[in-house]
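The structure under discussion appears below in the form of structure tokens.
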Amino acid sequence: MSTADLSALADATATAVGGAVSVMDPQGYVVAYSSVPGQSIDDVRRDGILGKQVPARYMVHHIDPEFRRSSTVHVVDVPGALPRLAVAVSADGEYLGSIWCIVSAALSGPPDRDAVTALTRAAAAAVPLLLSRLRPTSPHNPRARALLTDPAVVTPPGSQYVVLAARVASARPEALLMQLVGLLELTFGGNRDSGCVIEQHTAFLVVASEDIRLVTEEAEEVRRRAESAFGAAVTFAIGGPHSRPAVARNHAHWTLDSIEDGSQTTTFEQRRVAVTLNRAADAFSDVQLALPAVERMLSYDSAEGTFYAATVLALLAHESNVAAASASLYLHANTFRYRLRRTKELFDLDLDDPDTRLLVWMSLRLRAGQ
């Protein structure tokens, strides 16, 4: 779907009807609008275009079930706004959005027949355009897919890329992800070398940009609006900027996997430590990382209800400072020292060797993080 196609339809309709036109998606987002000079507009239109969504006080008209089911042109006249003609856009019973046209003067009777005809035809013409917006991954964006998956993809010299990975907490995430992709493309679609794909219940957006702060701010605005519209937690993770978009995609994906609580937008840099630990745990998942002494200690703790592993991990986490380590476990220092002696006696665990300490810490720390 090209936003330009919907904008051209809005311009043509505005010219035919004689009033400024806006095209909305099912959530009330402004996906296209006319730019015919000399036509009357009001603050509702300005706010809707600037905020990319219908102002909340007027949303009731967009979510009216009777309006959504109807195929006729409606007259909407509310205080504080110019009157409008509105028509729902539907296909096979699925509500795809709506088209709204400002009428410069109050209507004293039924709307003009020519205006009704023009809006009805516009609604029919908008069906394939809005359908493709709701189903943007079929077909997949080949350029976006190449940027996100092909390490050898050719990019302009000096280009930097930011990649966003997104998930929706829903039992049926695919439909919501498709709508989310539409919102992301509406916000970032004007950027060069940008696009979205969906893979394994995750949406990816790639944008040619060096300004991760701006991308993060705009993404968070999209995330909050999507979460409000979907009634489900939406999580964004952002990687980059990087000269290789596939690397930025990996960083975004790893960051998303490291997030336990949804409803946030975060970046790879903000989550670097957690991401690194997760990646280390994955890397060592196929390696017998723990020393036999550690395995014996963990088995003993499990069988006997003891806490030798926690004691050792506290010691290593506090760089062998017994006072700080014992305090972290609310133990007396002498009790803590006794536990350490017992680990040597029971498991032959030598914590005096620096390499052993490193392996023991990695084994216990990564296991605790899983």
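The first residue in the sequence is number 1, and the count goes up from there.
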Side chains of [X] and [Y]: does their closest heavy-atom pair fall under 4.5 Å?
X    : Y    : answer
T72  : V87  : no
V153 : R143 : yes
T335 : S326 : no
L85  : W100 : no
D42  : R45  : yes
F336 : L329 : yes
E220 : R223 : yes
Y308 : V294 : no

How many angstroms lie between atom [atom1] of [X] and atom [atom2] of [Y], to the nearest 0.5 angstrom?
X    : Y    : atom1 : atom2 : result
L164 : T216 : CG    : OG1   : 8.5 Å
T343 : L351 : OG1   : CG    : 5.5 Å
L340 : R342 : CG    : CZ    : 12.5 Å
E227 : L176 : CD    : CG    : 11.5 Å
F307 : L331 : CZ    : CG    : 10.0 Å
L313 : M297 : CG    : CE    : 9.0 Å

Salt bridge (Lys or Arg N to Asp or Glu O under 4.0 Å) with E210: which residues, sequence neighbours excluded? none
Do side-chain atoms of [X] reach the backbone of [Y] as a donor and acceptor pair under 3.5 angstrom?
X    : Y    : result
S228 : R224 : no
D301 : G305 : no
H332 : N334 : yes
S258 : T255 : yes
R68  : Y95  : no
S34  : V36  : no
S302 : L298 : no
T267 : Q270 : yes
S209 : D211 : yes
R84  : C101 : no

Donor-acceptor pair between R271 and T266 side chains, under 3.5 angstrom: no
Indicate whether the side chain of Q160 and that of S243 have a donor and an acceptor atom separated by less than 3.5 Å. no
Closer than 4.0 angstrom, basic N to acidic O: yes or no for E217 and R213? yes
Can you tell me if [X] has over 12 outside heavy atoms packed within less than 6.0 Å of its [atom1]?
X    : atom1 : value
Y33  : OH    : no
E66  : CD    : no
R121 : CZ    : no

For the student: nearest non-hydrogen atoms of [X] and [Y], plus distance:
X    : Y    : value
L364 : A309 : CD1-O, 3.8 Å
A219 : I238 : CB-CD1, 4.2 Å
A293 : L349 : CB-CD1, 3.7 Å
D257 : R167 : OD1-NH2, 2.7 Å

Going through the checks in order, is the side-chain contact (heavy atoms from CB on, under 4.5 Å) test met by T356 and W361? CA-CA 8 Å; T356 299; W361 180 85; over 6 Å; no
Aromatic F204 / basic R249 pairing, under 6.0 angstrom, 45° off normal: yes
Under a 4.5 Å side-chain heavy-atom rule over Ile, Leu, Val, Met, Phe, Trp and Tyr, are V44 and V76 clustered together? yes
Can you list the steps and then say if F67 with H74 is a ring-ring contact (aromatic ring centres under 6.0 Å, His included)? CA-CA 8 Å; F67 170 74; H74 290 242; 5.3 Å; yes
Indicate the ring-plane relationship of F268 and H251, choosing parallel, tilted or perpendicular according to the 30° and 60° boundaries. parallel
